[in-house]
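Notes to accompany the following structure.
Sequence lines set the chain letters: A, B, ... in the order given, protein chains first and strands last, and positions in each chain run from 1. The figures here come from the full heavy-atom set of this structure, side chains too, leaving out hydrogens, waters and symmetry mates.
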2 protein chains.
Amino acid sequence: MGKSVGDGAEALFLGQFEHALDGKNRLFIPVRFREHRQPQRFILTRGLERCLYLFPVVTWRRLANRLDQLPIRDKREERAFKRAFLAWASEVSLDPQGRILIPHALGQYAGIRQDAVVIGVLQHIEVWAKERWRRYVPHAEGSFQRLAPHLEL
Amino acid sequence: MGKSVGDGAEALFLGQFEHALDGKNRLFIPVRFREHRQPQRFILTRGLERCLYLFPVVTWRRLANRLDQLPIRDKREERAFKRAFLAWASEVSLDPQGRILIPHALGQYAGIRQDAVVIGVLQHIEVWAKERWRRYVPHAEGSFQRLAPHLEL
DNA sequence: TGGAAAGTGGGGGAAAGTGGGGAAGAGTGT
DNA sequence: ACACTCTTCCCCACTTTCCCCCACTTTCCA
């Protein structure tokens, strides 16, 4: 259940998968989320609502460029933001089995100890602690019911 | 955890690492922050919020050039700024084990005695006294929550 | 139902990281 | 000039972490 759509310039991620971290803090990335190009590298960083974001390097580059163009008056705050965003970022690459190593600080931030949920959200992938995700779902459900009509399917 | 991104003309730094200065005032620079070219030289100087900035020589050059094009009316102020920025700058190089020697004055400025945190912030690297960084993080955290939505992932 | 691909787990070697001994050289005071 | 200290830098030895590899189980689909 889940898929990466389109094999054009850029894949879109969707679907959700459950995986457990093994004893070595490695997380399996479903095949559907893997890039076909070699080497398979991603940027893992912290996301909102205490999950982790996983970006293909290309997408990340675009994002990093945008960092310098944020509409921020206060330079001090801009520095603080960059530090928070970048210090918790990390380049990770897939091992031959298709797993990534979750850095300790990031695992902490997202509260991931054992069970994790990996979900695709178009441009990026998110990693949640299973428990936190379970509690978050009802929220998401509400938003879905409220906004879906606007899609005019 | 963390890594320098990109294998193009220029690496981008990211991630955070903790390292203790040893008895000889040496600080370990994580492999991911090292330049691949030889010899491995950096410019270390004072940073904002009482940390230290570490620049690859190339990046430093670009920065130094820009100093001459500052839009400053007040020539007196321009001189003051340049002096402050340059007088504390120091060229450091990696020893065979990948460590740099922290000049006494700079260590003092940043309050680094024992434990240090090294973080990557795209174009440059920052070195913080661990304690000071610990106290700064909540700040940064706030900015992150406030500003991250503007990135429009 | 069998084979291929996806997913799981752990051993071990290479590289990263840590600490200190000691030679070379610079600064200072007789 | 010469001892003396102090700093800098090179080298070696050790510990720890990471990542490559192999082997096994499970799932998917023909």
Checklist entry - Which nucleotide in the set C:dT8, C:dG17, D:dC11 lies at the smallest distance from any side-chain heavy atom of B:Arg99? => result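 That would be D:dC11.
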I need the B:Trp60 CH2 to B:Leu54 CG distance, nearest 0.5 Å.
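The CG atom of B:Leu54 is 11.0 Å from CH2 of B:Trp60, to the nearest 0.5 Å.
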d(A:Glu126 CD, A:Trp133 CH2) to nearest 0.5 Å is 7.5 Å
Residue pair A:Leu21/A:Val31 against DNA chain C: nearer the 5' end by closest nucleotide is A:Val31
Note: for B:Pro30 and A:Gly23 on DNA chain C, the residue whose nearest nucleotide lies more 5' is A:Gly23
Quick one: side chains of residues 99-119 of chain B, donor-acceptor pairs under 3.5 Å with protein atoms, not counting sequence neighbours, listed by atom name and distance.
| from | atom 1 | to | atom 2 | distance (Å) |
| --- | --- | --- | --- | --- |
| B:Arg99 | NE | B:Asp95 | OD2 | 3.0 |
| B:Arg99 | NH2 | B:Asp95 | OD2 | 3.3 |
| B:Tyr109 | OH | B:Gly47 | O | 2.8 |

Grab the [atom1]-[atom2] distance between [X] and [N] for me, whole Å please.
| X | N | atom1 | atom2 | result |
| --- | --- | --- | --- | --- |
| A:His104 | D:dT16 | NE2 | P | 17 Å |
| B:His19 | C:dG19 | NE2 | P | 11 Å |
| A:Asp95 | D:dC22 | CG | P | 14 Å |
| B:Leu27 | D:dT8 | CG | C1' | 16 Å |
| B:Asp115 | C:dT18 | CG | C1' | 14 Å |
| A:Asp22 | D:dC24 | CG | P | 18 Å |
| B:Lys24 | C:dG17 | NZ | P | 20 Å |
| B:Glu18 | C:dG17 | CD | P | 14 Å |

Minimal heavy-atom distance between A:Leu48 and B:Ala148, with the atoms involved, is CD2-CB, 3.9 Å
Closest non-hydrogen contact found for B:Phe28 with B:Pro30 is O-CD, 3.8 Å
- Message: With hydrogens left out and only the distance checked, is there a donor-acceptor pair under 3.5 Å joining B:Arg26's side chain and the base of C:dG17?
- Response: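 Counting by modelled atom types and ignoring angles, no donor-acceptor contact under 3.5 Å is found here.
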Double-helix bend of the helix from C:dT1-D:dA30 to C:dA26-D:dT5, axes at both ends from 5 pairs, round to 10°, gives 20°
Are A:Glu91 and B:Arg32 within salt-bridge range, i.e. N to O under 4.0 Å?
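Between B:Arg32 and A:Glu91 there is no salt bridge, as every charged N stays at least 4.0 Å from the carboxylate O atoms.
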message: Other residues, nucleotides and ligands only: do more than 12 of their heavy atoms fall within 6.0 Å of NZ on B:Lys82?
response: yes
By nearest-heavy-atom nucleotide on DNA chain D, the more 5' of B:Ser93 and B:Gln97 is B:Ser93
Does the side chain of B:Arg34 get closer than 4.0 angstrom to OP1 or OP2 of C:dG17 through an N or O atom? yes
